[in-house]
*Asks:* 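The structure is given below, and queries will be raised subsequently.
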There are 2 protein chains.
Amino acid sequence: MVLAKHLKQRRPVTRELQARGLRMTAQRKVIAEVLQKAGKHLDAPEVLRRARQQLPGLHLATVYRALESLKKLGIIDELDLMHFRGTGHYYEARTDKDHMHFTCQRCGSVLEIQTPLFEKLKAQIEGRHGLSIRVARLELGGICGTCAAKKEKPERISA
Amino acid sequence: MVLAKHLKQRRPVTRELQARGLRMTAQRKVIAEVLQKAGKHLDAPEVLRRARQQLPGLHLATVYRALESLKKLGIIDELDLMHFRGTGHYYEARTDKDHMHFTCQRCGSVLEIQTPLFEKLKAQIEGRHGLSIRVARLELGGICGTCAAKKEKPERISA
DNA sequence: TTCTAGTTGCGAATAACTCGCAACTTGATT
DNA sequence: AATCAAGTTGCGAGTTATTCGCAACTAGAA
């Protein structure tokens, strides 16, 4: 049950789409590749910018639609990185192990973190509550080591 | 280090605000109370609706501003519940122990989950990476037990 | 009571998506 | 290879969810 998700990720994207009655199009292909190659989280306009190098006519609405499908298929994950900049979202390709994201609320740097405890936690929850987890998003916010070392006073909060 | 956050929550809201140069206003007070009494996650318009029972002239912009301050002070947390309905956010008062939210992606029901493993996980991360966590948001999406029992075929995904 | 800096209500402006629809593809079928 | 139903896309026009500018209005230190 926990493993199903991992197997799923390995299935080629086209297969995954067809299993749900969706089609592989040039747009979805390029968008998925952009995220797989990026290795980091991109927001929708940035995905558009990069994908347009292959498909100049690509429209932002199509990017949003593709991100939505890929997200539902478990091929990509959505993040908000503590909304450090704006209220938008970021996307990244899934890898075989889920990881967590820590965003420094002072400098905005993002750290990706992995630990077996995360898998354990998910398994425990599935077992205890009789549910199955498809997406697990653990986002952390705080002060990174570098900023803490600077020993600045707590920042002012604007109204 | 891990405890600091808990102590903070217990400090009265007014104190917490003043420590950052902010003021306690009728608006912030009512908005904080609405969330503390609600016991569940509310979105901004719903917070407005409830708070207006005490402050009829309250404006939505003020609600957003108050939510932002309270969030930065660690008095409330922000969620998106897997964006099951729209791209907006939900807010809830913090309690002494963080909990996780599972949203069923079929029926939309939300389950709050607690386990000591979560605290353990955060402590481990703080120790390993030399950072301090102020906010931890673990959101899960999947199929709840009730929906799984209905044995329906995987839902169609619209483009 | 005074005074200064923080706040609020308003309406306008943005940001971040989402929709309707005609034209265009995909890929299963013949 | 040609056909065709159903899924998709590009557009531009919405919608939703916030955020801003600013003058009038407090909170709370002095």
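What you see is a predicted model, and the numbers here were worked out from it, not measured in a lab. In what follows, every chain begins at residue 1, and chains take the letters A, B, ... in the order their sequences are listed.
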*Asks:* Figure out the CZ/P separation between A:Arg28 and D:dT8, and round it to whole Å.
*Replies:* 4 Å
*Asks:* Heavy-atom distance under 4.5 Å between the side chains of A:Asp77 and A:Lys71, does that happen here?
*Replies:* no
*Asks:* Please give, in whole Å, the distance from C:dG11 C1' to B:Leu58 CG?
*Replies:*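 Rounded to the whole Å, the gap is 16 Å.
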*Asks:* Rounded to whole angstrom units, what separation is found between the NZ atom of A:Lys71 and the C1' atom of C:dA16?
*Replies:* 13 Å
*Asks:* Charged N to carboxylate O below 4.0 Å: is that the case for B:Glu16 and B:Arg20?
*Replies:*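 Looking at B:Glu16 and B:Arg20, the cut-off is not met.
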*Asks:* Can you tabulate the close N/O pairs, meaning under 3.5 Å, that link protein atoms to atoms of nucleotides 15-18 of chain D?
*Replies:*
from	atom 1	to	atom 2	distance (Å)
D:dT18	OP1	B:His89	ND1	2.8
D:dT18	OP2	B:His89	N	3.4
D:dT18	O5'	B:Tyr64	OH	3.1

*Asks:* If you measure only the distance, is there a donor-acceptor pair under 3.5 Å linking the side chains of A:His41 and A:Glu46?
*Replies:* no
*Asks:* Looking only at the side chains, is there a donor atom on one of A:Thr103 and A:Glu139 sitting less than 3.5 Å from an acceptor on the other?
*Replies:*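 No donor-acceptor contact under 3.5 Å links the two side chains.
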*Asks:* Atom CG of B:Leu55 to atom P of C:dC10: distance rounded to whole Å?
*Replies:* 12 Å
*Asks:* Measure the distance from CG on B:Leu73 to P on C:dG6 and round it to the nearest whole Å.
*Replies:* 15 Å
*Asks:* With the 4.5 Å side-chain cut-off for hydrophobic clustering, are B:Leu138 and B:Ile113 part of the same group?
*Replies:*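 Looking at the clustering, B:Ile113 is in the same group as B:Leu138.
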*Asks:* Side chains of A:His83 and A:Gln105: donor-acceptor distance under 3.5 Å anywhere?
*Replies:*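 No, no side-chain donor-acceptor contact under 3.5 Å.
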*Asks:* Using whole Å, what does the distance between atom C1' of nucleotide D:dA6 and atom CZ of A:Arg20 come to?
*Replies:* 18 Å
*Asks:* Tell me whether A:Glu126 is salt-bridged to A:Lys122, with the criterion being a basic N under 4.0 Å from an acidic carboxylate O.
*Replies:*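 Not counted as a salt bridge, because no side-chain N and carboxylate O are separated by less than 4.0 Å.
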*Asks:* I need a per-nucleotide contact map over nucleotides 19-30 of chain C, read 5' to 3'. Cutoff is protein heavy atoms under 4.0 Å; write B for the base, S for backbone only, - otherwise.
*Replies:* BB----BBS---
*Asks:* Does any part of the side chain of B:Leu35, heavy atoms only, come nearer than 4.5 Å to the side chain of B:Leu67, both counted from C-beta?
*Replies:*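 B:Leu67 reaches B:Leu35 side chain to side chain.
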*Asks:* Please state how far atom CG in A:Leu70 lies from atom C1' in D:dT8, giving the value in whole angstrom units.
*Replies:*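 These atoms are roughly 14 Å apart.
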